[in-house]
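The basis for the numbers below is simple: all heavy atoms, side chains too, and nothing from hydrogens, waters or symmetry mates. None of the values given here were measured: they were computed from a predicted structure. The sequence lines fix the lettering, A, B, ..., with proteins before strands; numbering per chain opens at 1.
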Protein chains: 2
Amino acid sequence: MFENASGHFRSVHSALKPKTALKNEGADGFRRYLSQGEHLFYEADRAVFVYEVVFGSLRLTRIQQDGRRHVVAFAFPGDIVGLPVDGRHSTECVAVAPVEVIAHRYDPAAPPEQKPGLHARVLAAALEEIRALQDHFLMLGRRSAAEKVAAFILWLEHRIGEGAGACRLIRLSMNRADIADHLGLTPETVSRTITQFRESRLIALDGAQTMLILDMPRMKSVAEGG
Amino acid sequence: MFENASGHFRSVHSALKPKTALKNEGADGFRRYLSQGEHLFYEADRAVFVYEVVFGSLRLTRIQQDGRRHVVAFAFPGDIVGLPVDGRHSTECVAVAPVEVIAHRYDPAAPPEQKPGLHARVLAAALEEIRALQDHFLMLGRRSAAEKVAAFILWLEHRIGEGAGACRLIRLSMNRADIADHLGLTPETVSRTITQFRESRLIALDGAQTMLILDMPRMKSVAEGG
DNA sequence: CGAGAGATTGAAGTTCCTCAAGGAGTGTGG
DNA sequence: CCACACTCCTTGAGGAACTTCAATCTCTCG
């Protein structure tokens with residue numbers, strides 16, 4: 001299930017790596033392009049479409065009355081974003097890097113027979129996303145900054161890591177504040193933790209956005225509190 | 001949408017209060033009863049049924065390799081638990097008080113036409129639960145212990161609060177450790193925070209499990225960091 | 001090349017956790 | 001029916017971890 005090959009969408013948080021981007025525009029899908037910083041949708045917007053990410057990175061954010069925000073998720077190629085709750089979007093969605101998506105008109109209240117394929121895929125994506133959100137709880141609950149950051153780096157590697165000899169390369173499209181608001185830390189703590197990782201030869205950096213994981217086993221050990 | 005009156009299930013985390021328990025046994029629902037501490041299902045169990053809570057309280061837990069656990073959610077009457085991911089349960093589910101549920105045989109891979117009503121309700125419940133899980137993130141992210149505990153008390157009040165003159169009464173079916181693992185705190189901190197609330201006349205206690213909210217407006221203010 | 005945003009580093013302060021002991025409530029067996 | 005035992009809750013003291021506030025540095029882009 002949830003295989004791209006079989007035409008199933010993968011949910012926002014899914015840790016499975018997309019083999020290829022889906023190619024199902026045709027009948028009811030059309031493409032949209034966003035540059036960095038552009039909104040795909042806002043919180044509480046009426047939800048008419050669900051979006052399949054083809055290229056780039058998106059950030060899903062919820063904001064509280066007092067202005068504090070939480071980055072609920074990052075979305076990458078193969079993910080589906082914009083699942084409606086009560087006919088509206090529950091988060092705002094911004095491109096943190098240039099983005100290409102396919103928009104599918106979708107109404108959860110419509111009879112499933114109308115678009116059986118899309119309906120089934122959205123359900124599968126929703127159920128998968130629930131598990132991914134639960135996974136994220138394990139990250140936010142009583143864990144040290146080092147464990148959180150290490151787990152986040154490993155998740156990123158799993159989603160968008162590139163081979164680089166014996167090492168793994170990650171291009172971070174989000175900034176430190178985004179990471180901090182995702183992990184329940186401050187940007188300073190994220191920065192300090194990354195510095196520690198660099199000083200202990202766990203990773204190497206080229207600028208702030210390009211990261212090389214030098215020691216995957218040890219990184220996994222750190223993420224698990226070893 | 002998501003009204004009980006219209007026969008829609010409400011998801012595990014939903015903040016809406018059930019007006020009445022659903023009464024849709026008949027064709028494919030049968031009742032199950034659990035006493036305190038009994039499992040409804042375990043993590044990774046093959047998921048054959050989804051369960052509608054009629055009476056009592058359930059705890060949904062995920063466990064990590066190192067033994068640390070996170071209480072993903074508590075479920076009360078009107079909630080639906082056991083949504084399958086990849087055909088399996090993603091959490092374990094234990095009764096924290098005597099429980100009555102209705103079990104509905106459910107297979108997300110089956111064509112929606114087979115059980116259109118159930119299928120639509122499960123989808124609605126799943127989408128609603130995603131939002132609820134996102135809400136919970138705001139609770140776990142960078143917030144003080146007092147804010148977390150106050151927000152949790154208000155959520156409980158919303159779900160199972162009873163009138164008590166000008167005040168609101170809550171019967172806590174879970175223990176301090178469960179609350180701690182839900183909020184990302186230690187039991188000691190939860191206990192200390194509750195003591196503070198009591199000393200500042202925000203709440204009153206009768207034993208450890210029965211709580212009276214004395215000042216709802218101030219409790220809301222505390223939950224929001226005021 | 002200059003300006004501005006973002007990242008890093010430092011020092012001080014606060015909050016929460018850890019470890020440990022005592023108290024309250026509940027249930028069981030004599 | 002009382003006493004004991006067990007579990008859970010509460011309270012205390014000390015220490016670690018993260019945050020806050022502030023300054024400096026670096027990268028990127030016009």
Side-chain angles (χ1 to χ4, degrees), chain A residues 35-37 59 66-71 94 96-98 139-150 152-153 170-200 203-211 222 225, chain B residues 35-37 59 66-71 94 96-98 139-150 152-153 170-200 203-211 222 225:
Chain A
S35 51
Q36 187 174 0
R59 184 188 69 209
D66 59 12
R68 282 181 296 191
R69 63 172 208 165
H70 185 84
V71 174
V94 180
V96 292
M139 192 129 110
L140 282 173
R142 233 156 58 235
R143 302 185 68 166
S144 72
E147 288 174 272
K148 288 179 181 181
V149 174
F152 179 69
I153 289 173
I170 304 172
R171 297 178 202 281
L172 300 150
S173 38
M174 68 293 290
N175 63 28
R176 300 291 186 267
D178 289 338
I179 298 172
D181 284 342
H182 187 53
L183 300 178
L185 299 169
T186 57
E188 292 93 331
T189 301
V190 171
S191 182
R192 270 186 260 267
T193 306
I194 289 176
T195 299
Q196 279 172 22
F197 287 175
R198 182 165 48 74
E199 287 174 346
S200 63
I203 59 171
L205 290 175
D206 176 21
Q209 313 295 331
T210 306
M211 181 181 291
V222 171
Chain B
S35 51
Q36 186 174 2
R59 184 188 69 211
D66 60 9
R68 283 180 295 191
R69 63 172 209 165
H70 185 84
V71 174
V94 180
V96 292
M139 191 129 109
L140 283 173
R142 233 156 60 236
R143 302 185 68 166
S144 72
E147 289 173 90
K148 288 180 181 180
V149 174
F152 179 69
I153 290 172
I170 304 172
R171 296 177 202 283
L172 300 152
S173 37
M174 68 293 291
N175 63 30
R176 299 291 187 267
D178 290 337
I179 297 173
D181 284 342
H182 187 53
L183 300 178
L185 299 170
T186 57
E188 293 93 330
T189 300
V190 171
S191 183
R192 269 185 260 268
T193 306
I194 290 176
T195 299
Q196 280 173 20
F197 287 175
R198 183 165 47 72
E199 287 174 346
S200 63
I203 60 170
L205 290 174
D206 177 20
Q209 313 296 333
T210 307
M211 181 181 290
V222 171

Between [N] atom [atom2] and [X] atom [atom1], what is the distance in whole Å?
| X | N | atom1 | atom2 | value |
| --- | --- | --- | --- | --- |
| L205(A) | dC25(D) | CG | C1' | 15 Å |
| R192(B) | dA20(C) | CZ | P | 15 Å |
| E188(A) | dA5(C) | CD | P | 17 Å |
| R143(A) | dC17(C) | CZ | P | 15 Å |
| R198(A) | dT26(D) | CZ | C1' | 12 Å |
| L183(A) | dA17(D) | CG | C1' | 16 Å |
| F197(A) | dT8(C) | CZ | P | 13 Å |
| D206(A) | dA7(C) | CG | P | 15 Å |

Scan [X] against the nucleic acid and name what it touches under 4.0 Å (heavy atoms): base, sugar-phosphate only, or nothing.
| X | value |
| --- | --- |
| S191(B) | base |
| L185(B) | sugar-phosphate |
| Q209(A) | sugar-phosphate |
| R142(A) | sugar-phosphate |

Can a side chain N or O of T189(B) be found less than 4.0 Å away from OP1 or OP2 on dC16(C)?
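No, no such contact exists.
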If you compare every side-chain N and O of T186(A) against the phosphate oxygens of dT20(D) (OP1, OP2), does one of them come in below 4.0 Å?
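Looking at the OP1 and OP2 atoms of dT20(D), neither is under 4.0 Å from any side-chain N or O of T186(A).
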Find the distance between CD1 (I179(B)) and CZ (F152(B)) and round it off to the nearest 0.5 Å.
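Going from CD1 on I179(B) over to CZ on F152(B), the span is 5.0 Å.
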Which sits closer to the 5' end of DNA chain D, A208(A) or V190(B), going by the nucleotide each is nearest to?
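The residue closer to the strand's 5' end, by nearest nucleotide, is V190(B).
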In plain terms, say whether D181(B) and R68(B) are close enough for a salt bridge, that is, a side-chain N and a carboxylate O under 4.0 Å apart.
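So D181(B) does not pair with R68(B) through a salt bridge.
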Between the side chains of R69(B) and D178(B), is the shortest nitrogen-to-carboxylate-oxygen separation below 4.0 Å, so that they form an ion pair?
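Salt bridge present between D178(B) and R69(B).
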I194(B) and R176(B), any side-chain heavy atoms less than 4.5 Å apart
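They are in contact (side-chain heavy atoms under 4.5 Å apart), so the answer is yes.
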Within the structure provided, determine whether K148(B) and T189(B) are in side-chain contact (heavy-atom separation under 4.5 Å).
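Heavy-atom side-chain distance check fails, nothing below 4.5 Å.
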